[in-house]
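This structure is a prediction, so every number in the text was calculated from the model and none was measured.
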Amino acid sequence: MKFYCKPTLTLFLLLYVAIQSAQAQDTLRITLQDAVRIALSDNPTIKVAGQEILLKKEARREAYAGLFPEASLVGSYSRAIKKQSFAMGEVIEVGTDNTYSGGLSVSLPVFAPALYKSISLTSTDVNLAVEKSRASRLDMVNQVTKAFFQLLLAQDSY
């Protein structure tokens, strides 16, 4: 009887410890700093704001590209199977069998006030996107802090 009782007691003791550890794992305890860190890393609004900054920076680079020189090269070739000819008593052929033509065009904006204004506006857009991103981060931290302290207050009241 003693031999049978010890394994049963050990089994019940192990079962009790397993249940207690399962209940302890069910509870999640985080600090305010952890909550803010999780909210800032997983929030899609914060991620979109970061992408918006990158988009505005690319638009600024695109506006600066208008100041660069533009060059275009054009070429053409044509082959005549038979030369043109006309008859005035005798047949006269005119033209050539092969015709080549080419051209190069280079342009540089010297004075473009609209372009300069566009560049300054895109720089302002980048600054605006940075401030919007900062504002959304601050708003997220504020909301998480409020929710955290409301939870603490609710737990304390019960």
Side-chain angles (χ1 to χ4, degrees), residues 18-88 90-158:
I19 290 172
Q20 289 299 322
S21 66
Q23 288 177 350
Q25 290 175 357
D26 192 35
T27 304
L28 176 65
R29 302 206 185 275
I30 60 172
T31 63
L32 177 61
Q33 289 81 12
D34 291 337
V36 169
R37 181 183 47 80
I38 291 169
L40 290 178
S41 67
D42 293 342
N43 192 320
T45 305
I46 303 297
K47 291 178 182 179
V48 167
Q51 293 297 319
E52 187 73 23
I53 293 171
L54 295 176
L55 177 72
K56 297 298 181 177
K57 286 183 179 178
E58 286 299 317
R60 181 176 59 187
R61 288 181 59 194
E62 184 179 331
Y64 274 112
L67 294 174
F68 297 147
E70 293 181 23
S72 63
L73 181 64
V74 178
S76 67
Y77 167 76
S78 64
R79 168 86 176 147
I81 296 174
K82 187 176 179 184
K83 291 183 185 180
Q84 289 182 346
S85 62
F86 58 92
M88 294 179 82
E90 64 182 85
V91 176
I92 302 173
E93 290 184 352
V94 294
T96 60
D97 291 332
N98 300 312
T99 305
Y100 305 96
S101 68
L104 173 67
S105 172
V106 179
S107 65
L108 176 67
V110 177
F111 182 69
L115 184 59
Y116 297 130
K117 189 65 173 176
S118 173
I119 290 170
S120 71
L121 286 176
T122 56
S123 295
T124 305
D125 270 351
V126 170
N127 293 337
L128 179 64
V130 168
E131 287 302 315
K132 281 184 178 179
S133 173
R134 190 176 72 82
S136 65
R137 287 177 61 87
L138 290 175
D139 186 45
M140 179 58 55
V141 169
N142 185 20
Q143 288 177 5
V144 168
T145 305
K146 280 182 184 178
F148 186 81
F149 286 125
Q150 285 176 353
L151 177 69
L152 288 179
L153 186 62
Q155 286 176 346
D156 191 42
S157 66
Y158 288 111

Check: Checking side chain to side chain contact (heavy atoms under 4.5 Å, CB included) for the pair Leu152/Gln155: CA distance, chi angles, key distance, verdict?
Finding: CA-CA 5 Å; Leu152 288 179; Gln155 286 176 346; 4.0 Å; yes

Item checked: Qualifying ring-ring contact (aromatic ring centres under 6.0 Å, His included) pairs with a residue from residues 103-157, counting only residues at least two apart or across chains ->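 Every candidate ring-ring contact (aromatic ring centres under 6.0 Å, His included) pair involving residues 103-157 fails, so no pair, neighbours aside, qualifies.
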
Next item on the list: With sequence neighbours left out, write down each residue that passes salt bridge (charged side-chain N to carboxylate O under 4.0 Å, His left out) with Glu131, or none if nothing qualifies.
Entry: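 Scan of Glu131 (salt bridge (charged side-chain N to carboxylate O under 4.0 Å, His left out), adjacent residues dropped) gives Arg134.
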
May I have the list of side-chain donor-acceptor pairs in residues 51-67 shorter than 3.5 Å, sequence neighbours left out?
| unit_1 | atom_1 | unit_2 | atom_2 | d |
| --- | --- | --- | --- | --- |
| Glu58 | OE2 | Arg61 | NH1 | 3.3 |

Notebook entry, point to check: Which heavy atom of Ile46 sits nearest a heavy atom of Leu40, and at what distance?
Noted result: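 The pair with the smallest heavy-atom distance is CG2-O, 3.9 Å.
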
Please set out all donor-acceptor pairs under 3.5 angstrom arising from side-chain atoms of residues 121-130, sequence neighbours excluded.
| unit_1 | atom_1 | unit_2 | atom_2 | d |
| --- | --- | --- | --- | --- |
| Thr122 | OG1 | Ser118 | O | 3.3 |
| Thr122 | OG1 | Ile119 | O | 2.8 |
| Ser123 | OG | Ile119 | O | 3.2 |
| Thr124 | OG1 | Ser120 | O | 3.0 |

Please report, to 0.1 Å, the donor-acceptor pairs under 3.5 Å made by any side chain of residues 136-143, with sequence neighbours excluded.
| unit_1 | atom_1 | unit_2 | atom_2 | d |
| --- | --- | --- | --- | --- |
| Ser136 | OG | Lys132 | O | 3.4 |
| Ser136 | OG | Ser133 | O | 2.9 |
| Asp139 | OD2 | Gln143 | NE2 | 3.2 |

Pairs under 3.5 angstrom only: tabulate donor-acceptor contacts from the side chains of residues 71-84 to other protein residues two or more places apart or in another chain.
| unit_1 | atom_1 | unit_2 | atom_2 | d |
| --- | --- | --- | --- | --- |
| Ser76 | OG | Ser101 | OG | 2.4 |
| Tyr77 | OH | Asn98 | OD1 | 2.9 |
| Arg79 | NH1 | Asn98 | OD1 | 3.1 |

Notebook entry, point to check: So how far is it from Asp156 CG to Leu153 CG, rounded to the nearest 0.5 Å?
Noted result: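 CG of Leu153 is found 7.0 Å from CG of Asp156.
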
